[in-house]
Undergrad: 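What follows is a single structure, and I will ask about it in a moment.
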Amino acid sequence: MGEPVSLGEIQETLLIPLYGRAQDAQRSNSVLHDTKACEFVAAIDYDFAKFRGPSLAGAVLRASIFDEYVRRFLSDHPGGTVIDLGCGLSTRFDRLDNGKVQWFDLDVPDTMALRRKFCSDSNRYTMLDGSLFDDTWWAPVINAGGPVFVLSEAVLLYFTADEVTAQLRTLSAAFPATRLAFDTGGTAMMNTQDRNPVFKAVPARMKWTCDDPRTLEQCGMHLLESRTFATPQHSIRHTWPARYRVGLRALGWAPPVKTYKLNLFMTHGATQGDAAAI
Ligand SMILES: C[S@@+](CC[C@H](N)C(=O)[O-])C[C@H]1O[C@@H](n2cnc3c(N)ncnc32)[C@H](O)[C@@H]1O
């Protein structure tokens with residue numbers, strides 16, 4: 001008998017990218033080689049087989065693009081601090097640990113209770129219980145020192161536009177001159193949710209439609225990069241199997257692909273030290 005799962009509606013969606021990464025790890029030309037995801041899937045008592053369709057591969061490609069944003073930050077700031085807001089059962093720290101980074105993974109208590117069955121804190125890795133909308137996680141992250149990278153993958157989409165933009169404004173003020181990465185979905189993608197096989201398998205629905213991530217610059221940040229599955233970084237393109245590289249280039253014009261954006265912003269402000277005073 002595996003680990004039982006008792007998760008809220010949004011929390012349950014963490015099992016979709018987990019299963020996508022586990023499936024990817026079993027392929028000879030795996031993108032992420034996330035063998036821990038296979039261990040988690042094997043240990044959790046859940047009907048993962050109900051998840052089908054392109055979103056499973058999409059979760060892998062999304063993780064690959066976000067990995068590269070973080071990798072580049074760590075190459076500029078090897079002793080920097082990373083916080084992943086709504087980490088689910090992500091194993092990004094294991095993939096990107098450079099031996100110096102201070103890493104925080106935050107998620108709500110029911111998700112964290114599941115995560116703690118598989119993962120433990122260490123001297124440079126800390127799990128935090130809480131909501132990304134709270135400010136309780138700010139102090140440990142700021143006190144870790146060094147420039148901060150704030151990441152939130154496949155989480156903000158589940159909240160309303162008002163909730164997200166208010167929080168982006170708050171974070172921009174609290175973390176000046178900070179790289180902030182998150183995904184946005186346009187109307188074409190949001191309108192096809194009910195036809196997406198993975199969303200037929202869970203009750204949660206995404207709420208935030210954002211057709212142009214540049215409009216978020218009004219929240220106190222500057223858009224550095226905005227990628228789609230058809231436009232990954234050159235440095236990772238070769239790690240993707242040909243079926244993704246060629247297929248997605250051809251599909252790059254398709255509205256659901258074109259309007260799902262993996263964004264990297266830089267918040268305004270002079271120095272990150274200012275955040276301690278807020
Ligand atoms: C689709 S999953 C993404 C998980 C992970 N980022 C990944 O890509 O594998 C959505 C995640 O958002 C988390 N979540 C839901 N509400 C949250 C909140 N208020 N603050 C932080 N995380 C939240 C869920 O627990 C879940 O882990």
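Computed from a prediction, not measured in an experiment: that's the story for all the values here. In each ligand, atom 1 is the first atom listed, and ligand 1 is the first ligand listed.
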Undergrad: In the single-linkage hydrophobic clustering (I, L, V, M, F, W, Y; side-chain heavy atoms under 4.5 Å), do Phe118 and Leu14 co-cluster?
TA: yes
Undergrad: Note every protein N or O atom lying under 3.5 Å from an N or O atom of ligand 1, pairing the names and giving the distance.
TA:
unit_1, atom_1, unit_2, atom_2, d
ligand 1, 6 (N), Gly86, O, 2.7
ligand 1, 6 (N), Glu153, O, 2.9
ligand 1, 9 (O), Arg21, NH1, 3.3
ligand 1, 19 (N), Ser131, OG, 3.0
ligand 1, 20 (N), Leu132, N, 2.9
ligand 1, 25 (O), Asp107, OD1, 2.6
ligand 1, 25 (O), Asp107, OD2, 3.4
ligand 1, 25 (O), Thr111, OG1, 2.7
ligand 1, 27 (O), Gly88, N, 3.4
ligand 1, 27 (O), Asp107, OD2, 2.7

Undergrad: Please check if Val108 and Leu128 belong to a single hydrophobic cluster, counting links between Ile, Leu, Val, Met, Phe, Trp and Tyr side chain heavy atoms closer than 4.5 Å.
TA: no
Undergrad: Return the set of residues passing ring pair (Phe, Tyr, Trp, His ring centres under 6.0 Å) with Phe182 (not counting sequence neighbours), or none when no residue passes.
TA: Phe265
Undergrad: Please name all residues satisfying ring pair (Phe, Tyr, Trp, His ring centres under 6.0 Å) with Tyr46, sequence neighbours left out, ordered by chain then number.
TA: Phe48, Phe51
Undergrad: Which residue pairs pass the ring-ring contact (aromatic ring centres under 6.0 Å, His included) test when at least one of the two sits in residues 212-246, sequence neighbours left out?
TA: Phe229-Tyr260
Undergrad: Going only through I, L, V, M, F, W and Y residues with side-chain contacts under 4.5 Å, is there a path from Leu171 to Leu224?
TA: yes
